[in-house]
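Just the heavy atoms: all of them, side chains too, but no hydrogens, waters or symmetry mates, feed the values below.
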Amino acid sequence: MATTTTPNSLLIKTSNPSKPSFPRNPSNKNAFFTTASKFQSTKVTCTAQLQNPTPSTTKPTIPSQDRVFNFAAGPATLPEKVLKKAESELYNWRGCGMSVMEMSHRGKEFLSIIQKAESDLKTLLSIPSDYAVLFLQGGATTQFSAIPLNLCESNDQVDFLVTGSWGDKAFKEAQKFCKPNLIWSGKSEKYTKIPSFDSLEQNLNARYLHICANETIHGVEFKDYPTPKNKDGILVADMSSDFCSKPVDVSKFGIIYAGAQKNVGPSGVTIVIIRKDLIGDAQKITPVMLDYKIHAENNSLYNTPPCYGIYMCGLVFEDLLEQGGLVEVEKKNKKKAEILYNAIKESKGFYRSPVEKSVRSLMNVPFTLEKSELEAEFIKEAAKEKMVQLKGHRSVGGMRASIYNAMPLAGVEKLVAFMKDFQARHA
């Protein structure tokens with residue numbers, strides 16, 4: 001998708017990246033534009049004044065041949081519209097004379113960015129007023145430590161429902177800071193299913209129940225969520241790989257946390273949505289950078305945050321809202337996943353999905369070949385067709401197509417067409 005060039009930006013695009021760039025404040029404007037005109041492929045969009053600019057109608061596009069379909073699990077593909085807007089604003093953000101990467105995180109410019117990002121996220125997920133949104137660092141993995149440190153005393157019990165590698169990692173990390181109970185694990189069945197919630201033996205004295213809503217590696221996704229039976233009714237979810245892919249009733253959770261690099265931005269930003277009454281009782285040994293109270297009191301600005309990453313998340317949130325919100329986004333995701341899973345089914349066993357049908361992920365689709373010796377050739381040939389990062393996780397093998405929000409329908413359709421052609425040549 002294309003986007004309108006930001007009116008206050010100075011955007012210079014050239015088909016040859018080795019061409020010299022121009023100074024930010026050229027002293028001789030005539031010489032500047034004379035030099036620029038020598039490059040026939042160069043487009044210059046510039047505003048003479050920064051005050052009250054007229055919106056530009058220029059819509060830059062990226063030729064399709066310049067982009068691959070990136071099926072990586074994360075960092076992952078981002079919306080083309082978002083990338084083009086970031087490109088247009090990179091040099092001079094909305095006429096302020098500097099890039100977002102150069103801003104003080106305490107300046108009015110960046111404050112407007114982070115506040116709007118937070119506001120748009122609250123709109124997208126209909127986040128209740130008694131929840132705080134925190135933009136943090138360290139990835140979701142850091143939250144494996146931060147959550148028990150903030151919610152538990154060292155002797156408190158916590159229930160873990162483990163449906164994949166990330167839930168298992170969270171369980172193991174929690175052992176350092178509390179007394180976790182493994183109430184169910186799918187490891188013996190290679191993490192291909194989710195149990196009936198009624199069969200779970202939850203601990204009534206547990207401080208919270210922890211799940212990983214979508215297991216990126218194994219492609220297992222919760223379609224509904226268990227009701228915690230602990231005394232405080234707290235459900236905690238790692239939503240890294242299906243965050244903002246569908247509507248979620250935030251009020252069912254005590255904490256939702258997610259690394260941004262799957263669906264909502266580049267790597268480097270971790271988002272925590274936490275019920276406010278759960279803030280303020282961290283263990284005394286909690287490092288200051290893991291204390292939710294510190295970050296909440298300082299509006300995620302206790303120290304320098306990942307400013308550019310938060311800016312990018314904000315652009316993604318804007319894009320999701322423009323698409324009609326998460327109800328519409330989920331419809332698109334279901335359509336993409338249906339096409340891919342149907343192709344696997346219709347292959348008559350040439351391609352195989354190891355995951356139980358009822359819990360197959362809309363975001364991460366692992367599959368294997370009946371003839372495993374062909375897997376390397378499949379990945380190699382797909383790359384030649386500009387479909388990359390299809391190799392499965394090293395712990396699982398096979399292939400994995402991550403089809404997050406920003407993966408266009410055309411990408412999935414091209415992959416399916418390739419799969420059918422590959423089967424015809426190798427069956």
Side-chain angles (χ1 to χ4, degrees), residues 1 62-83 192 214-221 241-242 245-246 261-263 319 323 328-357 359-427:
M1 290 187 291
I62 298 177
S64 59
Q65 63 266 28
D66 290 348
R67 297 277 290 173
V68 298
F69 288 119
N70 176 13
F71 292 92
T77 189
L78 287 164
E80 182 178 315
K81 181 178 180 180
V82 166
L83 293 172
T192 56
N214 184 85
E215 284 285 354
T216 316
I217 293 174
H218 297 89
V220 175
E221 182 176 21
S241 52
D242 65 350
S245 68
K246 59 185 178 181
Q261 69 274 11
K262 317 285 188 181
N263 259 326
D319 181 60
Q323 290 184 50
E328 294 303 314
V329 169
E330 183 183 30
K331 290 178 183 177
K332 296 176 184 179
N333 288 332
K334 285 183 175 180
K335 182 176 181 179
K336 291 184 296 183
E338 181 181 17
I339 290 171
L340 183 49
Y341 282 120
N342 280 344
I344 294 171
K345 177 183 177 181
E346 292 168 1
S347 73
K348 307 296 184 183
F350 186 83
Y351 301 106
R352 298 174 178 178
S353 170
V355 180
E356 186 178 281
K357 185 177 180 180
V359 294
R360 287 176 181 170
S361 172
L362 300 184
M363 299 287 99
N364 310 102
V365 182
F367 60 96
T368 59
L369 283 173
E370 181 181 28
K371 301 176 182 179
S372 59
E373 65 273 13
L374 291 174
E375 290 176 356
E377 183 64 22
F378 179 97
I379 293 165
K380 180 180 178 181
E381 289 189 22
K384 289 180 180 179
E385 297 297 325
K386 294 192 173 182
M387 292 175 287
V388 301
Q389 300 296 323
L390 283 163
K391 186 177 182 179
H393 190 272
R394 61 187 181 276
S395 66
V396 176
M399 278 74 67
R400 174 179 54 179
S402 294
I403 51 175
Y404 298 121
N405 291 349
M407 173 57 66
L409 178 62
V412 177
E413 291 175 336
K414 182 174 181 178
L415 174 59
V416 166
F418 170 77
M419 290 168 67
K420 291 178 179 179
D421 177 69
F422 187 86
Q423 179 178 358
R425 290 184 287 110
H426 296 282

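With contacts defined as side-chain heavy-atom distances shorter than 4.5 Å, the pair E330/K334 qualifies. F350 places none of its side-chain heavy atoms less than 4.5 Å from the side chain of M419. Side-chain contact between V355 and H218: absent, with no pair of heavy atoms (C-beta onward) separated by less than 4.5 Å. Within the 4.5 Å cutoff, the side chain of S353 has heavy atoms near those of the R360 side chain. Taking 4.5 Å as the limit, some side-chain heavy atom of I344 sits within range of a side-chain heavy atom of V365. Between F378 and L369 there is a side-chain heavy-atom pair separated by less than 4.5 Å.
The minimum heavy-atom distance between K262 and A76, with the atom names listed, is O-CB, 3.6 Å. A pairwise comparison of heavy atoms in S245 and V329 identifies O-CG1, 3.9 Å as the closest pair. Nearest heavy atoms, P408 versus F69: CG-CE2, 3.6 Å. Residue S402 comes nearest to A73 through the heavy atom pair OG-CA, 3.3 Å, listed as atom of the first residue, atom of the second, then distance. When all heavy atoms of P354 and P366 are compared, the pair lying nearest together is CD-O, 3.6 Å. For V412 against L340, the heavy-atom pair with the smallest separation is CG1-CB, 4.2 Å.
Taken from CD in Q423 to CD in E346, the straight-line distance is 10.0 Å, to the nearest 0.5 Å. With rounding to the nearest 0.5 Å, the separation of CD1 in I403 from OG1 in T77 is 12.5 Å. Here the NZ atom belonging to K332 is positioned 10.5 Å from the NZ atom belonging to K335, to the nearest 0.5 angstrom.
Without hydrogens or angle criteria, K414 side chain to K386 main chain gives no donor-acceptor distance under 3.5 Å. Proximity of a side-chain donor or acceptor of S241 to a complementary backbone N or O of N214 within less than 3.5 Å is detected. Side chain of K336 to main chain of M407: a donor-acceptor pair is present (N/O by atom type, distance under 3.5 Å, no hydrogens or angles). With Q323 contributing its side chain and E328 its backbone, the two residues share no donor-acceptor pair below 3.5 Å.
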Determine, stepwise, if the pair Y341 / K357 fulfils side-chain contact (heavy atoms from CB on, under 4.5 Å).
CA-CA 9 Å; Y341 282 120; K357 185 177 180 180; over 6 Å; no

Pair E381-K384, salt bridge (Lys or Arg N to Asp or Glu O under 4.0 Å): steps then yes or no:
CA-CA 5 Å; E381 289 189 22; K384 289 180 180 179; over 6 Å; no

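Considering only residues two or more places apart in sequence or on other chains, D421 meets the side chain to side chain donor-acceptor pair (under 3.5 Å) condition with R425.
Inspection of the K345 and N342 side chains reveals no N or O donor paired with an N or O acceptor under 3.5 Å. Y404 and N364 share a donor-acceptor pair across their side chains, judged by distance under 3.5 Å alone. Residues N263 and D242 have side chains that never bring a donor and an acceptor to within less than 3.5 angstrom of each other.
Other residues, nucleotides and ligands contribute only 12 or fewer heavy atoms inside 6.0 Å of the NZ atom of K420.
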Which pairs of donor and acceptor atoms, one on a side chain in residues 388-401, lie under 3.5 Å apart (sequence neighbours left out)?
from	atom 1	to	atom 2	distance (Å)
H393	ND1	S395	N	3.0
H393	ND1	S395	OG	2.8
R400	NH1	T216	O	3.0

